[in-house]
Amino acid sequence: MARAKAKSAVKAAQAAGKAAKKTARAAAAAARSLTAALAAGGGTVLLVLVMILLPGLLLGSCFGIFFSGHSYTRGGEAMPAVVREINQEFEDRIEALQNETPHDDVEISASQARWPEVLAVYAVKTTNDPANAQEVATVTAEKKALLKEIFWAMHEVSSYTTSSSHTVTSTVPTEGGGTETVTDTVTTTTLHITITHRSVDEMANEYGFSTSQRQQLHELLSEENRRMWTALLSGLGDGDGEIVAVALSQLGNRGGEPYWSWYGFTSRVDWCACFVSWCAGQCGYLEADAFPKFSYCPAGVQWFQNAGLWQDRTFEPRPGDIIFYDWSGDGVSDHVGIVEKVENGVIYTVEGNCGDACKQCAYTLGSDVIFGFGTPNYNQEETE
């Protein structure tokens, strides 16, 4: 069955490839067909497609980016690993800024580009560079450096400090055994960090993309290719992996913007639940009523319990399940995250508002701090 599906997908890819010279949409269709063949055919088909079809069909086009999730060349890297490395560098830069600047409080306003946007700009620019055009299905050290250059060209980190003074009144003992009231002036320094990003259209202007290149850029980011990005960034494929891919694309975000403002808050709040809801919204799960929109963890717990989609902490979750925590053991959930995967008895998660940042965390299966799991039926439309 796998071979039959692969053979059918290859024929579709070849047909689409002939039209790919005329339109970016046809090339994207070819990429989707080849991806389906990879999923159906396993390692043997993967080798055949890479060695025979990709060089002439997609390897040299911007749509080769969808095949960069594997390391095909000696010394090369898989794109998900490169993305994690850049996310860590981004987080390290924010932490270094805080360490270098004396302050009492910190306020972070962050707006980051989604990883598909960064990778789409990289793919179009790299494959169309008149001086040194390169394929993007493989990731070498040189191409990783190009990706990092584009990532930082799309992001700007700025900071400034403000100081405010206020009086503090306290009662202190005197030498005679009595007390007296003392008023002191306390000055507080706040470090303000602002993270902004440039849009794909702004980057297209910056790099002087042609009309054809802009078409490629927007075709890469079309709704039809959303699951292709999911497979690339998460390595999990369709379904549950989609929300994981969105969450992983946000690693390094600090301050919770745009999650709490998207939810409707006018200023920063504890944003772990806003982050989880935002990720679900990006996947269309809120509109499909497959997921609750919540900013208060107990409300999320209640929704999953009422929907019959709840499991206790002894459950072994799947990628995309929602993990709720109870730090104090009082029976009330006070934190939430998204399950990335479970390996060797360890649950790996992506969480918002973890030290005021989006981070990957890990917990032992069945840990006492786990309150339970929401288990969304992401594929409910397919099963109805």
Side-chain angles (χ1 to χ4, degrees), residues 12-35 49-50 53-69 72-73 76-77 79-80 82-83 86 90 111-156 196-233 245 249 282:
Q14 289 173 327
K18 295 178 181 179
K21 297 179 181 179
K22 298 181 180 179
T23 67
R25 183 170 293 276
R32 287 192 291 272
S33 296
L34 287 176
T35 302
L49 292 176
V50 171
L53 292 177
L54 287 182
L57 180 61
L58 289 172
L59 193 62
S61 80
C62 64
F63 298 95
I65 191 69
F66 292 124
F67 300 91
S68 63
Y72 300 119
T73 59
E77 297 185 62
M79 186 59 77
V82 175
V83 168
I86 297 175
F90 182 80
S111 176
Q112 290 178 240
R114 295 174 56 244
W115 264 108
E117 296 172 335
V118 178
L119 292 174
V121 173
Y122 158 77
V124 174
K125 183 179 186 302
T126 303
T127 56
N128 290 277
D129 189 336
N132 183 29
Q134 301 183 73
E135 50 79 20
V136 290
T138 61
V139 186
T140 62
E142 179 185 1
K143 281 180 277 190
K144 181 166 72 171
L146 288 172
L147 176 56
K148 289 184 178 183
E149 179 182 319
I150 291 171
F151 176 87
W152 289 110
M154 290 185 71
H155 292 88
E156 179 180 353
T196 58
H197 76 273
R198 302 169 74 180
S199 68
V200 293
D201 290 325
E202 289 173 324
M203 296 305 296
N205 293 335
E206 173 72 17
Y207 293 133
F209 283 177
S210 65
T211 300
S212 174
Q213 291 163 356
R214 291 171 188 267
Q215 182 184 10
Q216 294 172 35
L217 183 64
H218 288 284
E219 180 58 36
L220 280 168
L221 295 171
S222 69
E223 180 65 21
E224 290 178 304
N225 294 324
R226 187 176 70 181
R227 291 190 173 185
M228 299 273 282
W229 290 115
T230 297
L232 170 60
L233 291 169
S249 74
Q282 298 302 298

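Only a predicted model underlies this, so the values are computations on that prediction, with no experimental measurement involved.
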Enquirer: Answer yes or no: is there a donor N or O on one side and an acceptor on the other, between the side chain of Trp229 and the main chain of Leu221, under 3.5 Å?
Expert: no

Enquirer: Please determine which of Glu77, Met79, Glu149 meets the side-chain contact (heavy atoms from CB on, under 4.5 Å) test together with Lys144.
Expert: Glu77

Enquirer: Heavy atoms only: give me the nearest Leu232-Ile65 pair and the separation to one decimal.
Expert: CD2-O, 3.5 Å

Enquirer: How long is the gap from CD on Gln216 to OG1 on Thr127, to the nearest 0.5 Å?
Expert: 6.0 Å

Enquirer: Quick one: does Asn225's side chain have a donor or acceptor within less than 3.5 Å of a partner on Glu219's backbone?
Expert: yes

Enquirer: Should Glu135 and Lys143 be marked as a salt bridge (Lys or Arg N to Asp or Glu O under 4.0 Å) after you check the CA-CA gap, both sets of side-chain angles, and the distance that decides it?
Expert: CA-CA 9 Å; Glu135 50 79 20; Lys143 281 180 277 190; 2.8 Å; yes

Enquirer: Looking at Pro80 and Ser68, what are the two nearest heavy atoms and their distance?
Expert: CD-O, 4.4 Å

Enquirer: Is there side-chain contact between Asp201 and His218, with at least one heavy-atom pair below 4.5 Å?
Expert: yes

Enquirer: To the nearest 0.5 Å, tell me how far Thr196 OG1 sits from Met154 CE.
Expert: 11.0 Å

Enquirer: Are any of the side-chain heavy atoms of Lys125 and Val136 separated by less than 4.5 Å?
Expert: no

Enquirer: Find the distance between CG (Leu146) and OG1 (Thr140) and round it off to the nearest 0.5 Å.
Expert: 8.0 Å

Enquirer: Going through the distances and angles, do Met203 and Phe209 end up as a side chain to side chain contact (heavy atoms under 4.5 Å, CB included)?
Expert: CA-CA 9 Å; Met203 296 305 296; Phe209 283 177; over 6 Å; no

Enquirer: Nearest 0.5 Å, please: how far is OH in Tyr207 from CG in Asp129?
Expert: 10.5 Å

Enquirer: To the nearest 0.5 Å, how far apart are CD in Glu117 and CG in Leu217?
Expert: 9.0 Å

Enquirer: For Ala113 and His197, work out which heavy atoms get closest and say how close.
Expert: N-CG, 3.4 Å

Enquirer: Is the ring pair Phe151/Trp115 parallel, tilted or perpendicular, if the boundaries are 30 and 60 degrees?
Expert: parallel

Enquirer: Once rounded to the nearest 0.5 Å, what's the spacing between atom CG of Asn132 and atom CD of Glu142?
Expert: 5.5 Å

Enquirer: Indicate the atoms forming the closest heavy-atom contact of Leu220 with Cys62, along with that distance.
Expert: CD1-SG, 3.9 Å

